[in-house]
Amino acid sequence: MDHYYCAHDLAKFSDMGKESPVLWEKFLGWYNAVFAEGALSEREKSLIALAVAHTVQCPYCIDAYTTACLEKGSNLEQMTEAVHVAAAIRGGASLVHGVQMRNIVEKLEM
Amino acid sequence: MPVLEKGTLLKRHSPLVAPASEQMHVIDNTTSVPAFDDLLRRNGLGTLSASGIEIFQINVGKRCNQICGHCHVDAGPDRLEMMTQETAAECIRALEQTNIPKVDITGGAPELNPSFRWLVQQASRLGRYVMDRCNLTVLLLKGQADLAEFLAHHRVEIICSLPYFQERETDRQRGEGVFHRSVDALRRLNGLGYGVPGSGLTLNLVHNPVGAFLPPPQAALEADFRRALDRKFGIQFNHLFCITNMPISRFLEFLLRSGNYEQYMERLAQAFNPQAVAGLMCRSTISVGWDGRLYDCDFNQMLDLEVGFSAPRHVSNFDLAALNRRRIVTGRHCLGCTAGAGSSCGGATIGLR
């Protein structure tokens, strides 16, 4: 294991349920309910998640919610503004991680 | 756009272009995702069969005035494959023998085929509902000045590609300047009544994701399109169809070059939705190639996967009874039509308005 963070590990997230299936199921049920269409749309929730992902600086979350934002119909302009909101709260340390988001967009887009 | 190549695969002598079996080789060997038929069995869905033909889809050829990055046809100005008048007449003869209610004409840019208008006239004469899959910019070409009026005269539904309501995304997929020319064409169609409530002239838009990800929920994106196009350009339309990009031809090349292929296929498999199977368009469509050969869908057509299991393979031998109950030829590319809310030529297949 050369790196603490590996993109392939995102797919292993559900392994966290192996030793504590009950807790995992509770987490998953709550998590899915949080992101379901409600007073906020799925697209808005994904934009919030993208902003928070940059605040907590989680590369897995950034990867997942960059894709989720695109798959909910957001564009790069809107996603960039969401990241600026996070950065305005947390400052430059958050803003610099927007580079990572842009890298993923660059990889995914034609 | 560092990984998007210019020009058709044919012009660039890509190994993917011919025979199409090279593409099938790539798709068949994607063992990180389950085979489509295995996935059906695992979900208790058996094998895929036609449910009766409602749409007679004619692909009149690969010639197009655009070269879009996601095109599963590898269409472009250099493509010479075009349906002849003789084959077009065979299509009309097949229609005459049946009561298939809808005729869906596609390409390439189908309007560039010299037999296009004749096909529209004949299908209309037979009382069939006619749809034209239009790239919009063709309406502005010299020599096509009366095309929009022709379509309106025959009450043809226009289904036109517009991947996003902004220039950046649209031009990345479809070429520089396409967004603004598309807006000009849409304004012209609106001027004829297309997309205007009460006119009876239907104008639907098509969204394909501009990259290696799934399309958004159709109703939500339609609302965004409607708001943005109305506010910025005063454009009206009826509905937006979200269509998943298929791992075929130029989009397959993009996936391979950008290193997104495996991940995209896994995403499609992960998003497999058993509920999308019943409404798959292949079940209610027959797809006719430019040379008259028959396919289960336009995607199978581009992979040279003709109708199988003893169904008649050419429009000159059209046998509705046999084709109505034919078994569908499938492959891992079919995962593109069963992901998420499903995908078809008419957009999402479940969760519809």
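Residue numbers start from 1 in every chain, and the chains themselves are labelled A, B, ... in the order their sequence lines are given, proteins ahead of strands. The structure presented is a predicted model; accordingly, all values stated were derived computationally and were not measured.
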When rounded to the nearest 0.5 angstrom, what is the spacing between [atom1] in [X] and [atom2] in [Y]?
X	Y	atom1	atom2	answer
B:Phe213	A:Ile104	CZ	CD1	12.5 Å
A:Glu109	B:Arg172	CD	CZ	5.0 Å
B:Asn245	A:Met110	CG	CE	5.5 Å

With a 4.5 angstrom heavy-atom cut-off, is it the side chain or the backbone of [X] that approaches chain A, or both, or neither?
X	result
B:Phe165	side chain
B:Pro217	both
B:Leu214	both
B:Tyr264	neither
B:Gln270	neither

Close contacts, residues 62-72 of chain A versus chain B, judged by heavy atoms under 4.5 Å: A:Thr67, A:Leu70, A:Glu71, A:Lys72
Residues in residues 16-48 of chain A that sit under 4.5 Å from chain B, counting heavy atoms only: A:Glu42, A:Arg43
Other residues, nucleotides, ligands: >12 heavy atoms within 6.0 Å of B:Gln275 CD: no
Whether over 12 other heavy atoms sit under 6.0 Å from B:Arg181 CZ: yes
Residue-level interface, residues 205-212 of chain B with chain A, non-hydrogen cut-off under 4.5 Å: B:Val210, B:Gly211, B:Ala212
Beyond-backbone contact of A:Lys107 with B:Gln263, side-chain heavy atoms, under 4.5 angstrom: yes
Pairwise side-chain contact, B:Arg168 with A:Glu77, heavy-atom cut-off 4.5 Å (strictly under): no
Check: B:Tyr164 side chain, A:Gly73 main-chain N or O, donor-acceptor pair, under 3.5 Å: yes
Partner set under side chain to side chain contact (heavy atoms under 4.5 Å, CB included) for B:Cys64, not counting sequence neighbours: B:Gln66, B:Ala75, B:Ala109, B:Asn135
Max heavy-atom pair count under 4.5 Å with chain A, selected residue of B:Arg267, B:Glu169, B:Glu266: B:Arg267
Shortest non-hydrogen contact between B:Phe254 and A:Leu108, atoms and distance: CZ-O, 3.3 Å
